[in-house]
Amino acid sequence: MARLPDAFIDDLLARTDIVEIVGARVPLKRKGREYAAPCPFHDERTPSFYVSPTKQFYHCFGCGAHGTAISFLMNYDRLEFLDAVEELARRAGMEMPKDTRAGPQDNDLRDQYAALEAAARLFQRQLADSPRALSYLQGRGVDADTRARFGIGYAADGYSTLLDALGTDERRRKLLERTGMLSRNERGSVYDKFRDRIMFPIHDRRGRVIAFGGRVLDKDASPKYLNSPETPLFHKGRELYGLWQARQANQKLERLVVVEGYMDVVTLFQFGVTQAVATLGTSTTAEHAELLFRNAPDVYFCFDGDAAGRRAAWRAVESVLPRMKDGRQAFFLFLPEGEDPDTIVRKEGAAGFDARLAQATPLSQFFFEELGRDINRNTLDGRARLAERARPLLAQLPDGAFADLMRQELQRQTGVTATVAAAPPPAPARRVVPAQKRSLVRSAIALLLQQPSLGLQLERPYRFDTLRAAGVPLLLELLEVVHQRPEISTGALLEHFAGHEQGEALRKLAAQPLPGDEQSWAVELHDAIAQLERQTLQQRIDELQDKQRAQGLDETDKYELRMLLKVLAGRA
Ligand SMILES: [Zn+2]
């Protein structure tokens, strides 16, 4: 991994608010000194994911995910270390240090991007050479400009076209396999995964090719769509086809339209609807929902009007509900039987498609319609059942005007309030360990982790540094780092000890909330250190007394012992 100066990272983290970074991606709710949310890294209903503004780090009590703003971006946005740092530096208006050498891992990822880029170029050349593929695209009204914008290509028929062109040695073949471009049969030989297909490169948020979707030309061939498998670069639940192009084409995205296929995205674009994106063969995930709203305040979901379409729409509802902060809106558009966005925009043009979007069903309406589909609202029973179904879902809404309106609507429709009788969410298992119950060293370490700057109040040299007790070297090391980097946050401190054998223990200790406040912590730390110093005195006294019994003391020893006993008595 590339090395950046510690001071730069400290400065960057000091100028970054982790709550802002996480809050832009995950719906955070204030809980005491911290913020909580359902964990974005594992599936859960009850929030056990906490972000601490004072410690500047996040921690999940469920799955153990944790880290600073940097590691959050790496894990959530799937950025490499340097990219995450660069992203934060850009936000903070900081210049990246010049000397950021790339390590072997960065090189491997860079090679993977390069291999996919080369594949995309190869497919584009093959498209130019294939009258059949070209006429297919022309037949669908995709012009050269749109082809270039989306980087559309063609994978020739044959089992080793790509392999022969780009897999020229063992290393390159391995690379192609890692990026999902090759398949392997039972006998272990590899061959092109995509054959005789129109190829749609899938771009990441920075415009790099990370995967492909391939569509058959012959409408009877199957599968109709074939996607790259999940790879280190490609996680389909996190990517949206066409988002890169939509962002390039629109200065500011006011809306995004979610459709089903690549061809829908491309045709809509061709006809002037430049804000369409497609999920990649999955239903809308929570990560998709977050990504959509991060890019545009209004999101329109297009689905088939049949039962399967409504089920898919409901899954989208479940994904967006926890993310419906004020200012965000979701709409649902159900298409007539046998139509898809591609056919509609061809017949009706962008204006016709826009007119349909304008008639789309708002989330609030679809929510109550769908929830009450098989319920008779004219009966008390029916209304009670509707309220019962709605409550747990409405509880997921972030606080705000939209949540209030939805609860009022529930009350209007059922006469039952959204919160009455709703069971309080079970409190997540958090152990609050009173500091004084821990060992002294442990307690001092816990306090330092709580607020590293407390360590600055302790004067060096530390008189407990010769104490033979578990954890003393670690405590000294922590204090050393704090003095060298006075601005350091808890998150950055943990980052420093990440590879340390005690790193994991430190992280767990840091995640536990301590009772009290800054003032009481300062007092506790001073008390703990004073007691450690006392123990150090006692340790030396014991040594001298042992020596006295064994061999007797010389004058210097005797003097030291007298002084120590005096000091100890004075301190008691
Ligand atoms: Zn978790």
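As a basis for the values below, the full set of heavy atoms in this structure was taken, side chains included, without hydrogen atoms, waters or symmetry mates. Atoms within each ligand, like the ligands themselves, are counted from 1 in listed order.
Every residue meeting the side-chain hydrogen bond (donor to acceptor under 3.5 Å, both in side chains) condition with R178, not counting sequence neighbours, appears here in chain and number order: D108. Applying the side-chain hydrogen bond (donor to acceptor under 3.5 Å, both in side chains) test to E318 and every residue at least two apart in sequence or in another chain returns W314.
A distance below 6.0 Å separates the ring centres of F61 and Y50. Checked against the 6.0 Å centroid threshold, F301 and F331 do not count as a close aromatic pair. Here the two rings, on F303 and F366, have centers that are 6.0 Å apart or farther.
Screening residues 470-480 for salt bridge (charged side-chain N to carboxylate O under 4.0 Å, His left out), with sequence neighbours left out, gives R460-E480.
Around the Zn ion (ligand 1), the protein N, O or S atoms found under 2.8 Å comprise C39 SG, H42 ND1, C60 SG, C63 SG.
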